[in-house]
Amino acid sequence: MARVYISIGSNIDRERYITAALDALDTWFDELLISSVYESESVGFDGSPFYNLVVGVDTGLTVAELSACFKQLEADNGRRRDVPRFSARTLDLDILTYDEEIGSIDGVELPRGEILKNAFVLLPLAEIAPADVHPVCGKRYDALWQAYDRDQKLWPVDFTWQGRLISRAAAR
């Protein structure tokens, strides 16, 4: 079994599509390790704010099988591929890490570069896997988050899934 971390994002009908992704992952995997849900400004284009989170799973599926499942899930939820790369989307799932694999595996670059670049990926990953080590730079995710110095704003939001509050907004 491989430990896989998956980023999930949406900025169109966000609660609906994040719920759809979690529901699908819940049917495919025995246990989900779920971060808080964060709202963030869109990065790379002008658009509505995103909801983002990271989910950890253990799986016997290959990178290619996971990638195919995620692309189909995105398509089933209205993800369009005929629009610019940086644009609004119903659902986006990306494999962040697959065990300690490094390099291009089945067409997927591992670990995903966004881990070190985007707060909306690194913070939720550091939340659920603080002591895990980035396979390339060799640093723990909690240390990477502590050293993060880019100006990307994000904040936790209340989010209920399967009748339970899985994410709570920060006290103001």
Return yes if some donor-acceptor pair links the side-chain N/O of [X] with the main-chain N/O of [Y] below 3.5 Å, else return no.
X: Asp94; Y: Ser7; value: no
X: Ser40; Y: Lys153; value: no
X: Ser35; Y: Val54; value: yes
X: Thr160; Y: Gly163; value: no
X: Thr97; Y: Val4; value: no
X: Ser67; Y: Val63; value: no
X: Ser167; Y: Ser36; value: no

How long is the straight-line distance from [atom2] of [Y] back to [atom1] of [X], given to the nearest 0.5 Å?
X: Phe50; Y: Asn118; atom1: CZ; atom2: CG; result: 10.5 Å
X: Arg14; Y: Phe159; atom1: CZ; atom2: CZ; result: 10.0 Å
X: Leu96; Y: Glu114; atom1: CG; atom2: CD; result: 7.5 Å
X: Ile115; Y: Cys137; atom1: CD1; atom2: SG; result: 9.0 Å
X: Arg112; Y: Lys117; atom1: CZ; atom2: NZ; result: 9.5 Å
X: Glu41; Y: Gln152; atom1: CD; atom2: CD; result: 9.0 Å

Step-by-step side chain to side chain contact (heavy atoms under 4.5 Å, CB included) determination, Phe120 to Leu53: CA-CA 7 Å; Phe120 59 82; Leu53 69 154; over 6 Å; no
Pairing of Arg3 and Asp58 as salt bridge, 4.0 angstrom limit: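 Counted as a salt bridge, because a side-chain N and a carboxylate O are separated by less than 4.0 Å.
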With a 4.5 Å cut-off on side-chain heavy atoms, are [Y] and [X] touching?
X: Tyr98; Y: Ile105; answer: no
X: Trp28; Y: Leu73; answer: yes
X: Tyr51; Y: Asn11; answer: no
X: Val136; Y: Ile102; answer: yes
X: Leu110; Y: Asp99; answer: no
X: Leu122; Y: Leu144; answer: yes
X: Gln162; Y: Asp26; answer: yes
X: Glu74; Y: Leu93; answer: yes

Verdict with reasoning, Leu66 to Val108, per side chain to side chain contact (heavy atoms under 4.5 Å, CB included): CA-CA 10 Å; Leu66 284 171; Val108 177; over 6 Å; no
Taking every non-hydrogen atom, the tightest pair across [X] and [Y]:
X: Ala119; Y: Leu154; value: CB-CD2, 3.4 Å
X: Ala24; Y: Thr27; value: O-OG1, 2.7 Å
X: Ala129; Y: Tyr141; value: O-CD1, 3.4 Å
X: Gly103; Y: Glu109; value: C-OE2, 3.5 Å
X: Gly60; Y: Met1; value: N-SD, 3.6 Å

Does a donor on one side chain and an acceptor on the other come within less than 3.5 Å for [X] and [Y]?
X: Asn52; Y: Glu39; answer: no
X: Asp76; Y: Gln72; answer: yes
X: Trp161; Y: Asp23; answer: yes
X: Glu127; Y: Tyr38; answer: yes

Common cluster, Trp155/Ile8, ILVMFWY with side-chain heavy-atom separation under 4.5 Å: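 Trp155 and Ile8: one cluster.
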Verdict with supporting geometry, Phe70 and Ile6, side chain to side chain contact (heavy atoms under 4.5 Å, CB included): CA-CA 10 Å; Phe70 296 164; Ile6 306 151; 3.6 Å; yes
Stepwise side chain to side chain contact (heavy atoms under 4.5 Å, CB included) test for Glu31 and Val57: CA-CA 6 Å; Glu31 188 175 330; Val57 300; over 6 Å; no
